[in-house]
Novice: 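There's a structure below that I have some questions on.
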Amino acid sequence: MSAATRPAEPAATRTLTLVQAVQDALAVALEQDERVMVFGEDVGMGGVFRATDGLQARFGEGRVFDTPLSEAGIVGMGIGLALAGERPVAELQFAGFLYPALEQMAVQLGRYRHRSQGRYTVPMVIRAPYGGGIHSPELHSESPEGLVAALPGLKVAIPSTPADAKGLLLAAIEDPDPVVLFESIKLYRSVRGEVPSGRHIVPLGQARVARPGQHCTVLCYGGMVEVCLAAAEAASAAGVEAEVIDLRSLVPLDLATIGESVERTGRVVIVHEAARRMGFGAELAALIAERHLTSLHAPIVRVAGWDAPYPPFTSEEALYRPDARRVALAVRQVMQY
Amino acid sequence: MTTPTPASTEPADPRLAGTFSLLAPDGTPRRPELLPLGPEVLRLYRQMRRARLFDDRALVLQRQGRLGVYPLFGGMEATQVGAVLALDTARDWLAPTYRGTGCALAYGLPMHKVILSWRAHPDGFRMDPQQRLLPFYVPIGNQLPHAAGIALAERRRAEREGHDASVVLAFVGDGGTSEGDFHVGLNFAGVYRAPAVFVIENNGWAISTPTSRQTAAATLASRGEGYGMPAVRVDGNDLLAVHHVTAEAVARARAGEGPTLIECVTYRVMPHTSSDDPARYRDEAEGELWRTVLAPARRLRAYLDRAGLWDDEQEQALAAEVEQELRDALVQADAAPGLEPWQILDHVYAEPTPDLLEQQAELRALYPQRGAGQ
């Protein structure tokens, strides 16, 4: 069904948490399009984060169902479903459990369209709860978005608000290409916001200025947006107005919004939870250096996880995951030039 | 031919012990009541010969520089063609391995497309939208979870629309059974009772590694039980036996009775690819048995001769017909236009992202004069 034939968007909104917004999006998609199928480990009873709560009861076991415990199977089977014309929406229980599926993602998911020169397409969505901040065991706080964003043919989106969680997920489901959505575990229940009812779309590839400012640009996404907003608040008290840009989508990337801001401020801080080395921040820094070097007044600074595995020891989590203090220090650093 | 003799109970090669077969290697019917009628046998035989004649010529073409690296399937043509011809190619899916050229030819991929595929030309992989043929691809076993997913989608569609299901036929080699995706694919298909048929082409060797190094199990078919599906071991060089068993499995799948695992015991009498030298790792006396006594065409030809359905003249006419088809296909393949450099970025996404458009502009600036051509 094309966008033009869809009913107009209802204006009503509801106040939801981010995980409730995800559930709302899935319900809308299941309602609108009979090809949509939702599956993964334990999603039948609602999933470990309750993102799929009530969906099996409402839409049946044929459309919302549990899989054997195999991430490679979840992604591999989803590819087959998509090849045969369904609209699979798979849940990986934690992004840290994505690694067994990485082969299917790297050598199949993003390649079918290109390999077959358009004959086959894989309009599949993978949802993966990611990131730290909830004192979880090892491999439950990973941020592998950079690994996935490095794979041609895949799209990657990461919401930071309930409205975006719904809008990006529905955009992903309607997208003709495979999309991986990383949902911050930390934000699932810690943020609430107004979410439009019915079909609400946030197009992939459009960044959001979460806080305007003229002195420096802070680029972030997902669970880091609230951290960066807190840092910007602190900087503001010291007279520095930091512009916080929530990228929302890493692939495609909104280079226009980033470029406009960087040209204006000349100072850039990039923040993510994944380890710094070869993280998505490296890509952003390179793109900005290539395009806007003459506008820069200071070296680009990255605030990221350290180049160590995400700590399995909760006592060290606060050292690893960037917090507002580290972001504020980086803002001060770029302002000192 | 000599007068029919009762089939020996001792298999010519111990690997064949306990396999299902319809014809003894000398062409003697073992299960006359299950043999298809004359015209059907001839259809199967002609397709099998066509596939093998292509394979033999493909090696020559590679040596002439007219094909890229080519994975030979010679010796396995009864397995590939016998199984694929059990499909309704107007509605069923085929997931071949990279060694599945014989499968694709039997399924109906035009010969010039096959040639383009092994030239790594994009047109070779741009299948007819009506054909439900997955591309040859290199990663081992990845296609089995896809087959399970496609089959699940087909089962759901069949239930929704109230008809029987389209079936997916997926191949894997004996080496491929060691990959995780083999187990994942069969497990998912079993759990969802998906209309899929899995064929293991057990050709004895994964490049230089024998099957005994892939598994400690006595047979690969025994794995079917672990995934809750029936499994059959077949003499993979017996075209009619492979066809019979696969047709039964396809019928089961179509009727909603779930997936089947078929182990075809065969042999790769040729090198792994056009770049491989099997003399370095295996005793060619073993290969000689499969190349002569156990050869797929030999036993069926003996049966057909005895039944008065085929003779040398018809064989020569078939060879000439395939040769002409191949010549025409080469002409057509040679005429396929090359890619413009910037087309390397086409079909990455449905709509190119802004950075891909920039990269296409870069390519246009780098190669402004390059026109169409190979």
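Keep in mind the model is a prediction, meaning the values are calculated, not measured. Note on naming: letters A, B, ... go to the chains in the order of the sequence lines (proteins, then strands), and numbering restarts at 1 for each one.
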Novice: Measure distances from B:V191 to the heavy atoms of chain A and classify the residue's part below 4.5 Å as side chain, backbone, both or neither.
Specialist: side chain
Novice: Drop me the distance from A:I79's CD1 to B:Q143's CD, to the nearest 0.5 angstrom.
Specialist: 11.5 Å
Novice: Please check: side-chain N/O of B:R157 versus main-chain N/O of A:A84, any donor-acceptor pairing under 3.5 Å?
Specialist: yes
Novice: Specify the closest pair of heavy atoms between B:P139 and A:V107, including all atoms of both residues, with the distance to one decimal.
Specialist: CG-CG2, 3.9 Å
Novice: Between atom CG of B:L152 and atom CZ of A:F65, what is the distance when rounded to the nearest 0.5 Å?
Specialist: 5.5 Å
Novice: Would you find a donor on one side and an acceptor on the other, under 3.5 Å apart, between the side chain of A:R115 and the backbone of B:F125?
Specialist: no
Novice: Chain A heavy atoms under 4.5 Å from B:Q131: which part of the residue, side chain, backbone, both or neither?
Specialist: backbone
Novice: Can you tell which part of B:R126 gets under 4.5 Å to a heavy atom of chain A, answering side chain, backbone, both or neither?
Specialist: both
Novice: Show every donor-acceptor pair shorter than 3.5 Å between a side-chain atom in residues 95-103 of chain A and any protein atom, with sequence neighbours excluded, or say none if there are none.
Specialist:
{"from": "A:Y99", "atom 1": "OH", "to": "A:E142", "atom 2": "OE1", "distance (Å)": "2.9"}
{"from": "A:E103", "atom 1": "OE2", "to": "B:N142", "atom 2": "ND2", "distance (Å)": "3.0"}

Novice: Donor-acceptor check, side chain of B:Y349 to backbone of A:L154, threshold 3.5 angstrom: yes or no?
Specialist: yes
Novice: Let me know if B:L144 has heavy atoms under 4.5 Å from chain A in its side chain, its backbone, both or neither.
Specialist: neither
Novice: Counting only heavy atoms closer than 4.5 Å, note whether B:D123 contacts chain A via side chain, backbone, both or neither.
Specialist: neither
Novice: Could you check whether A:Y112 and B:H146 have their ring centres less than 6.0 Å apart?
Specialist: yes
Novice: Return the option, out of B:A151, B:A95, B:A350, B:A148, with the maximum number of heavy-atom pairs under 4.5 Å with chain A.
Specialist: B:A350
Novice: In the structure I gave you, are the side-chain heavy atoms of B:P135 and A:Y120 within less than 4.5 Å of one another anywhere?
Specialist: yes
Novice: Chain B heavy atoms under 4.5 Å from A:T121: which part of the residue, side chain, backbone, both or neither?
Specialist: neither
